[in-house]
Chemist: 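First, the structure itself, so that you have it in front of you.
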Number of protein chains: 2
Amino acid sequence: MTDRDPIAAARAQWISHGWPDAADGMALVTSVVRAQQLLHERVEATLRPHGLTFARYEILRLLAFSRQRSMPMSRLGSLLQVHATSVTSAVARLETQGLVERLRRESDRRVVLASLTAAGEELVERATRDLNEQVFSSPGLDATQVRDATRLMSALRATHGDVVDDVTGA
Amino acid sequence: MTDRDPIAAARAQWISHGWPDAADGMALVTSVVRAQQLLHERVEATLRPHGLTFARYEILRLLAFSRQRSMPMSRLGSLLQVHATSVTSAVARLETQGLVERLRRESDRRVVLASLTAAGEELVERATRDLNEQVFSSPGLDATQVRDATRLMSALRATHGDVVDDVTGA
DNA sequence: GGGAGATTGTAGGACGTCCTAGGAATGGCG
DNA sequence: CGCCATTCCTAGGACGTCCTACAATCTCCC
């Protein structure tokens, strides 16, 4: 006996308990949480054979895009929108794996530069190829839906203070 | 000096590095992850004064909806789509807080029933009221966008194997 | 110079999630 | 009747996230 959609069921409960004005918002929040969970699982499964998690992959990816193959810890945190201590622990693991090394900037010795090693550079390219093939090129919606959904998520981000380009939707 | 939208920037990098077919999918995944993070932060901020997290709130909410005010651990896990061990640790904390108690079902002594206490029942109603007022009734999109976004997230869930009602969109 | 205040990063702790392993209770099958 | 596969739950560990300190370093201004 298969259960019904838990989110649709929760929405019905919300209405029958006298919270109709909040029911759609509840369903939206719950749907986004669940969609993120499913996408995250696919991404993690793809990265696992490479010994990476998404958090660590994102750091390698940013470093590989940068000119110097290195970046201050604080800049990683602000670009990835995570707490500084999360960056510290992720970079510590990447350093243990030999994918990144820490350098202290001479002109300002407070700054720690996370710098990609040759091994890190090779790994991030292989991992990116797999992610593109196994997740990003077929995320589970058709091209129109992908564009619409991305635009709606951007609008949501914008109302929460994120800097967002292109909400108007050309 | 404000940075540009990190997701739009990543999408541009994807295209210029020769991965145009994956760029939109990457942007979608990243947008969903970020939107979830923002909504999750608002929800957690609302629940914190009540001494709850979203994970524990969801358990209390399900129990309060159920007839007996109780439910097997395994059912909580399947409804919430989380690992059984996550349920164990959340219920353990709720028990410490005096919001839930564990009962063993007599007819099948393998089953542990998580059962709402009077304190838990009161708390979940107060927490729900705050969530409805502070998050769910104004999730950050207008009514049309909320409906569209929920429908797209449902389609995404459906392609990943979730049981989903109402994808067709009346 | 030299101290006050900012900025940058790390340490330690709480919590949630997953995984693997394993202990109890049930139910079926020889 | 008794053994075993299944089901249900918990224990312990890895990882990511946040928070509150705190240490090191830089900057500014007296």
Side-chain angles (χ1 to χ4, degrees), chain A residues 33-34 36-45 47-60 70-97 100-115, chain B residues 33-34 36-45 47-60 70-97 100-115:
Chain A
V33 169
R34 177 62 182 155
Q36 187 271 347
Q37 182 183 358
L38 291 164
L39 292 171
H40 196 255
E41 278 173 14
R42 279 181 71 186
V43 168
E44 293 289 334
L47 292 176
R48 193 167 304 124
H50 298 286
L52 289 177
T53 62
F54 191 48
R56 279 175 278 164
Y57 168 79
E58 282 188 297
I59 289 174
L60 295 183
S70 68
M71 202 177 281
M73 304 286 280
S74 55
R75 179 146 180 79
L76 288 172
S78 70
L79 288 176
L80 298 175
Q81 312 269 188
V82 296
H83 205 273
T85 55
S86 302
V87 177
T88 296
S89 82
V91 168
R93 290 180 207 290
L94 289 169
E95 193 173 30
T96 302
Q97 292 179 284
V100 154
E101 48 189 10
R102 288 171 205 245
L103 308 173
R104 209 161 267 278
R105 175 181 280 172
E106 279 311 312
S107 59
D108 182 346
R109 296 188 49 74
R110 292 171 303 180
V111 174
V112 173
L113 297 172
S115 174
Chain B
V33 168
R34 177 62 181 154
Q36 187 271 345
Q37 182 183 356
L38 291 165
L39 292 173
H40 196 255
E41 278 173 14
R42 278 181 70 185
V43 168
E44 293 288 335
L47 292 176
R48 193 167 305 124
H50 297 286
L52 289 177
T53 62
F54 190 49
R56 278 176 278 164
Y57 168 78
E58 281 187 299
I59 290 175
L60 294 183
S70 68
M71 201 177 283
M73 304 286 281
S74 56
R75 179 145 181 80
L76 288 172
S78 72
L79 289 177
L80 298 175
Q81 312 269 189
V82 297
H83 206 274
T85 55
S86 302
V87 178
T88 296
S89 81
V91 169
R93 290 179 208 291
L94 288 169
E95 195 174 26
T96 302
Q97 294 179 283
V100 154
E101 49 189 9
R102 287 172 206 245
L103 308 173
R104 209 162 266 278
R105 174 182 281 171
E106 280 311 311
S107 59
D108 183 345
R109 298 190 47 74
R110 293 173 302 180
V111 174
V112 172
L113 297 172
S115 173

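Any value given below was found using the heavy atoms of this structure, including those in side chains, with hydrogens, waters and symmetry copies removed.
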Chemist: What are the two closest heavy atoms between B:Phe54 and B:Val43, and how far apart are they?
Modeler: CD1-CG1, 3.5 Å

Chemist: Walking along DNA chain D from 5' to 3', note the first and the last nucleotide with an atom under 4.0 Å from a heavy atom of chain A, and give both.
Modeler: D:dC15 to D:dC26

Chemist: By nearest heavy atom, map B:Ser74 and A:Thr53 onto DNA chain D; which one lands nearer the 5' end?
Modeler: B:Ser74

Chemist: Please state how far atom CE in A:Met71 lies from atom C1' in C:dT8, giving the value in whole angstrom units.
Modeler: 16 Å

Chemist: Separation of B:Met73 atom CE from C:dA24 atom P, in whole Å?
Modeler: 17 Å

Chemist: Give one of base, sugar-phosphate or nothing for B:Thr85, where a contact means two heavy atoms less than 4.0 Å apart.
Modeler: base

Chemist: For a quick test of your reading: what N or O donor-acceptor pairs under 3.5 Å do the side chains of residues 82-90 of chain A make, sequence neighbours left out?
Modeler:
residue: A:His83; atom: ND1; partner: A:Thr85; partner atom: N; Å: 3.4
residue: A:His83; atom: ND1; partner: A:Thr85; partner atom: OG1; Å: 3.1
residue: A:Thr88; atom: OG1; partner: A:Ala84; partner atom: O; Å: 3.3
residue: A:Ser89; atom: OG; partner: A:Ser86; partner atom: O; Å: 3.4

Chemist: Under 4.0 angstrom, heavy atoms only, what part of the nucleic acid is A:Arg56 near: base, sugar-phosphate, or nothing?
Modeler: sugar-phosphate

Chemist: Looking only at heavy atoms, what is the nearest atom pair of A:Leu52 and A:Gln97, with distance?
Modeler: CD2-OE1, 4.4 Å

Chemist: Provide, to the nearest angstrom, the distance between the CD1 atom belonging to A:Ile59 and the P atom belonging to C:dG9.
Modeler: 12 Å

Chemist: For A:Arg75 and A:Ser78, which I'm curious about, is there any donor-acceptor pair between the side chains at under 3.5 Å?
Modeler: no

Chemist: By nearest nucleotide on DNA chain D, pick out whichever of A:Arg105 and A:Ala90 is the more 5' one.
Modeler: A:Ala90

Chemist: For A:Val82, answer base if it contacts any base atom (sugar-phosphate contacts may also be present), sugar-phosphate if it contacts only those atoms, and nothing otherwise; contact means non-hydrogen atoms under 4.0 Å.
Modeler: sugar-phosphate

Chemist: Classify the nucleic acid contact of B:Thr88 as base, sugar-phosphate or nothing, counting any heavy atom under 4.0 Å across all strands shown.
Modeler: base

Chemist: For the backbone of A:Gln81 and the side chain of B:Gln37, can you confirm whether one donor and one acceptor N or O come within less than 3.5 Å of each other?
Modeler: yes

Chemist: Could you please spell out the steps behind the side chain to side chain donor-acceptor pair (under 3.5 Å) verdict for A:Thr53 and A:Arg56?
Modeler: CA-CA 5 Å; A:Thr53 62; A:Arg56 279 175 278 164; 3.3 Å; yes

